[in-house]
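Below: the structure, in structure tokens.
Convention: sequence-line order gives letters A, B, ...; per-chain numbering from 1.
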There are 2 protein chains.
Amino acid sequence: MRIAGKGIILVSLNDKSGLGDASVNSVVAGLCASPEGCRSVCATCRVRLYAVCSAMSEDDIADLERLAAHVELSPRTALFQAGDLARFVYTVTSGTLRLQRDLADGRRQVIGFAIPGDFIGLSLDETYQFSADTLTAVGLCRFDRKDFTSLSHSRQPLLERLHLAATHELTIAQDHMVILGRRRAEERVAAFLLRWRDRLGRINGRSATVGLPMSRQDMADHLGLTIETVSRTMARWMRDRIILDVPGGIRVLDQQRLAAILPD
Amino acid sequence: MRIAGKGIILVSLNDKSGLGDASVNSVVAGLCASPEGCRSVCATCRVRLYAVCSAMSEDDIADLERLAAHVELSPRTALFQAGDLARFVYTVTSGTLRLQRDLADGRRQVIGFAIPGDFIGLSLDETYQFSADTLTAVGLCRFDRKDFTSLSHSRQPLLERLHLAATHELTIAQDHMVILGRRRAEERVAAFLLRWRDRLGRINGRSATVGLPMSRQDMADHLGLTIETVSRTMARWMRDRIILDVPGGIRVLDQQRLAAILPD
DNA sequence: CGGGTTATTGATGGTGTTCAAGGGGTGTGG
DNA sequence: CCACACCCCTTGAACACCATCAATAACCCG
């Protein structure tokens, strides 16, 4: 156990595999000790303007807040697994999660990564269609799925915002199909770095330094490659001074040449 | 020009490439000669119960019908291209379309195929994010996008149904990411045949005979393979009596062995 | 430090691509 | 009605990209 800033207690699960032993219960901690999560306060929420919550008026936000519980998770923790009964939906307030599907023989496909402002649980199925695990410490705003659905049916702007989020995700998914289906290894990695950088830039502001909280294996499983190919590709770019290795990520030295790798 | 059943006139565009010269205007024909499309009649619509229109009550359907125009397209016709201003959204009433994205150097990724009951244009962007071309003769119910959006904002069940369609598409897209990212050639083709069969079965009723209106090239571009790999894979299955070649498609002889190719 | 995980780097090999040639169906025009 | 052209599909052979296997290095946290 270690103490992180602001007196928030993070409980390490010691799940180093990141794959295997993720069936343990999610760790819930924070200012409130209760595993139920503590009351959310939308007024001070940093992602409120990016998230689906932005659809709610000042008057209505209280109704949303009443349904919300704030949850803090340690790094390398399972939020839920594919097939679990989908009790909750979430808005990410801080940190990064990995969303993935697994095949029976161990192969896995990382569907995407969720960052602050993202909504998790758009699918209307009774069970989750993918697994979600934290990569870093993560803060989430949690809602009971049925309550949230009911609210979205009585507050149309929220439903519209959810629909916007869903179609946006759909476009991103189709982009990724092109990457997986028709791009070569080098192009895949370049496309990933540039898009990831853009996504982070929309939250933190644009920067040449790109944090990569996911492992090389996660990147490989996202891009349909092996860890060796990802590693070799990035090593080559480092030798060529296109990117620079920095702790916890990379720095883009030559945006031009990186972008030039991508036809179109 | 040739005559198809029920006196509907189909105009052949003679666009044999299926790729190149698709910038011609969409051919609009049918019982009404007007290129504007003729008035739609929901009462006799065969896909009404499957399509997003099913969200409309008997009373409200008239409002939807007022916005709708029915359009008939010849095979191998461009409905719209990626980047075009998204003036319309569509419900497919008959036939099959191919949805695809193209890279600058000619590589393409077939995002999916649209069949009766499918909604085209879920994205809320001002421009289309992919191209849509007919494979067969196609019937569509066409709506002005802005009018349709307005209506969905005043008829909540329609919006809910659209959202349902979007999240369903999203799940399918994620399924396809697994295929493209982590499955071998043989698995990809098997998964495609089995899923395509299921989709058709939901409309026509289950059958061992599976129509394949798309070319081998289309299948390859959907599965991230080459035409040769698709051809060789299916040829092997034909030798092994797993499938049988029938005009315009295949017949599944051994569902067991085909399904066994897929772990999970 | 020291154990274990993750990343890098090299050598080898396989799956699927690329290149090339031939077959089969269909529509067209003589 | 047949010949021809034109796709589309099939099949074969050689190759290339990336995966696999293997060993070492760097890292992280205890």
Next on the checklist: If I take atom CD1 in residue A:I250 and atom P in nucleotide C:dA7, what distance separates them, rounded to the nearest angstrom?
Outcome noted: 15 Å

Checklist outcome for this item: Here the gap from A:I261 atom CD1 to A:W237 atom CH2, rounded to the nearest 0.5 Å, amounts to 4.5 Å

Item to check | Rounded interatomic separation in angstrom, taking CG from A:D221 and P from D:dA19 | outcome: 11 Å

Checklist entry - Starting at CG of B:L180 and ending at P of C:dT15, how long is that distance when rounded to a whole Å? => result 20 Å

Checklist entry - Quick one: B:M219 CE to D:dC9 C1', roughly how many Å, whole number? => result 12 Å

Item to check | Neighbours of DNA chain D within residues 222-237 of chain A, by heavy-atom distance under 4.0 Å | outcome: A:G224, A:L225, A:T226, A:E228, A:T229, A:R232

Checklist entry - To the nearest Å, how far apart are B:R76 CZ and D:dC6 P? => result 17 Å

Item to check | B:I203 CD1 to B:R46 CZ distance, which is reported to the nearest 0.5 Å | outcome: 10.5 Å

Item to check | Whole-Å distance separating the CZ atom of B:R188 from the C1' atom of C:dT15 | outcome: 11 Å

Checklist outcome for this item: To the nearest angstrom, the CZ-P distance between A:R239 and C:dT8 comes to 11 Å

Next on the checklist: For B:T226, give me all partners under side-chain contact (heavy atoms from CB on, under 4.5 Å), at least two apart in sequence or on another chain.
Outcome noted: B:E228, B:T229

Checklist entry - To the nearest angstrom, how far is A:Q217 atom CD from D:dT20 atom P? => result 11 Å

Checklist entry - So, does B:T233 use its side chain to make a donor-acceptor pair with the main chain of B:E186 at under 3.5 Å? => result no

Next on the checklist: Here's one to test your reading of the geometry: is the NZ or CZ of A:R142 within 45 degrees of the ring axis of A:F88 and under 6.0 Å from its centre?
Outcome noted: yes

Checklist entry - Between A:P247 and A:E186, who's closer to the 5' end of DNA chain D by nearest nucleotide? => result A:E186

Next on the checklist: Both B:R183 and A:R216 contact DNA chain C. Taking the nearest nucleotide for each, which residue is further toward the 5' end?
Outcome noted: A:R216

Checklist entry - So how far is it from A:R197 CZ to A:S207 OG, rounded to the nearest 0.5 Å? => result 7.0 Å

